[in-house]
Amino acid sequence: MTDISNRLGLRRWINAGGTLTRFGGAIASAEVATAMAEATRLSFDSWELQAAASRAIAAATGAQAGIVTTGASAALTLAAAAVVADASGGASLHRSPDHGGPVPTILMPRTHRNGYDRAFATAGTRVVDVGDNDRGTGAGVRGLELADVEAMIEPNTVAIACSASESCAADVPVLVEAGRLLGLPVIVDAAAQLPPADNLRRFVEAGAALVCFSGGKAIGGPQASGILAGRRDLVALAALQMLDLDVLPARFRPPAVFFPDSDEPDSDDYRRVATLRARLPRQGVGRGFKASKEAIVGLLVALDAFLSGDRVARAGSLSARVRAIAGRLAMPAGVRLELLAPADPERAARLAMRFDGPERALAATLFVQRLADGEPPVALAEGGLMQGELVLDLACVDPADDTQLFASLAMALAPLR
Ligand SMILES: *Cc1c(COP(=O)(O)O)cnc(C)c1O
């Protein structure tokens, strides 16, 4: 078999920084790789494929429906496009992301804002900050309240959005309650909130209208895969803006998981499908990031394995490998190791490497650069680099690479002795 890195003249990295997108995200299991290779040689109807995805995602999340996207970021864009389409009665399907008139706004707590929320702008919406950051700045004790959301509502407001990261998740119920009272759907970015697997259901159960997850992180799917789960009508509007619709409207047979049809001309379902048939977009705002058949199949197989596998045992074996490396690594003066043991049993331990002293950021930077320049190159998580902290996470390291990883770390530490 050809080694693809040799064939392309590429350095193969050992990514010991976790499911970093920059280094290709999750490492697929053999089962996922086989399923993707099989799918690439077959033809499927993309709507039938997404209908199968919807059934699996609904079972995994408790949501009414779902689609596979090209990542959580794409799911956020499609979620925004869906709520705009809903607010416009379907009219925007034909022109998103240019909606004409006032730009639709999405309210988001100031303390949840992050680089990924630009995905909303891709759908032609604008994020409006809500509330203050009194706790973050130490200015006061009050957090997000209903009145903060209410104050920013305008006629063109289409949704409330939030992040589900650890520091933000407590606000989700406040926002869901605000959405209920104000008649706005709530979109949750839960991209990296797995494991625990319970989080697949948590935000749907809390009342979110749409929830987004990455497929290329803990689920172990293809790097460019993700999940959009939620209300059937909104997921359907998202699907309409991603899937190819170069088909005569009379020939379009919408899958019932997205468009429950009815033979009863007086029913809401019948009217909805008739309206949509008259407004089918050709190539929607999501066309540029359509999920491939390989990605859809790969994600569904990975999701099934994630849910049916023994996640606690997997975390335990990752933790044991981390401890084995920590136990053998002799640290020079001025560098300390600390095992980061997570509270959740589905999460694996990680290892923090802390550089001391006034030059700690520089020392950590030089160390991680030596690793990156090594053969093979090695990556660690650099979120704490400015405080002199690097973190080792084995989620994307093949156990066969542990010996090499240890040797690379020891070699990069040598100049510090
Ligand atoms: C990783 C991440 C994303 C983007 O996910 P992709 O699947 O890579 O598109 C979005 N939001 C947050 C909070 C993330 O951590």
Side-chain angles (χ1 to χ4, degrees), residues 15 17-28 32 36 53 57 60-61 66-82 106 108-123 125 127 159-172 175 186-196 199-200 202-203 208 210-230 238 241-242 285-292 294-296 298-300 302-303 306 342 344 347 350 379 381-384 391 393 395-396:
N15 169 19
T19 50
L20 301 174
T21 300
R22 217 150 55 81
F23 293 100
I27 300 288
V32 169
M36 290 177 75
I57 293 167
T61 62
I67 50 175
V68 175
T69 65
T70 52
S73 211
L76 293 172
T77 299
L78 289 167
I106 295 183
M108 190 167 185
R110 188 180 305 278
T111 50
H112 292 217
R113 295 295 308 269
N114 63 83
Y116 294 108
D117 62 46
R118 296 195 62 184
F120 295 128
T122 307
T125 68
V127 177
I160 297 170
C162 60
S163 160
S165 67
E166 256 152 61
S167 62
C168 300
D171 291 333
V172 175
L175 293 166
V186 175
I187 301 168
V188 178
D189 175 1
Q193 298 319 113
L194 302 171
N199 279 354
L200 282 167
R202 178 173 163 198
F203 306 107
L210 290 168
V211 187
C212 309
F213 298 98
S214 282
K217 294 179 180 168
I219 294 174
Q223 173 176 22
S225 71
I227 290 174
L228 177 65
Q241 296 177 87
M242 174 170 73
V285 65
R287 171 61 191 234
F289 35 89
K290 63 181 182 290
S292 67
E294 298 86 354
I296 297 170
L299 176 69
L300 295 180
L303 181 63
F306 177 70
D344 192 294
R347 289 184 182 250
R350 296 172 307 142
E382 299 181 15
V391 173
D393 177 331
C396 296

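Numbering of ligands and ligand atoms starts at 1, following listing order.
The two residues A164 and A169 have their closest heavy-atom pair at O-CB, 3.7 Å. Nearest heavy-atom pair across A379 and F23 is CB-CE1, 3.5 Å.
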Show your reasoning for whether side chain to side chain contact (heavy atoms under 4.5 Å, CB included) applies to T21 and Q223. CA-CA 7 Å; T21 300; Q223 173 176 22; 3.6 Å; yes

N or O contacts of ligand 1 with protein under 3.5 Å, please list pair by pair.
unit_1	atom_1	unit_2	atom_2	d
ligand 1	5 (O)	S214	OG	2.9
ligand 1	7 (O)	A72	N	2.8
ligand 1	7 (O)	S214	OG	2.7
ligand 1	9 (O)	A72	N	3.2
ligand 1	9 (O)	S73	N	2.9
ligand 1	11 (N)	D189	OD1	3.3
ligand 1	11 (N)	D189	OD2	2.7
ligand 1	15 (O)	K217	NZ	2.8

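Proximity of a side-chain donor or acceptor of N199 to a complementary backbone N or O of Q193 within less than 3.5 Å is detected.
You'll find the side chain of C162 reaches within 4.5 Å of the side chain of V172, heavy atoms only.
The distance from atom CD1 of I57 to atom CD1 of I227, rounded to the nearest 0.5 Å, is 5.0 Å.
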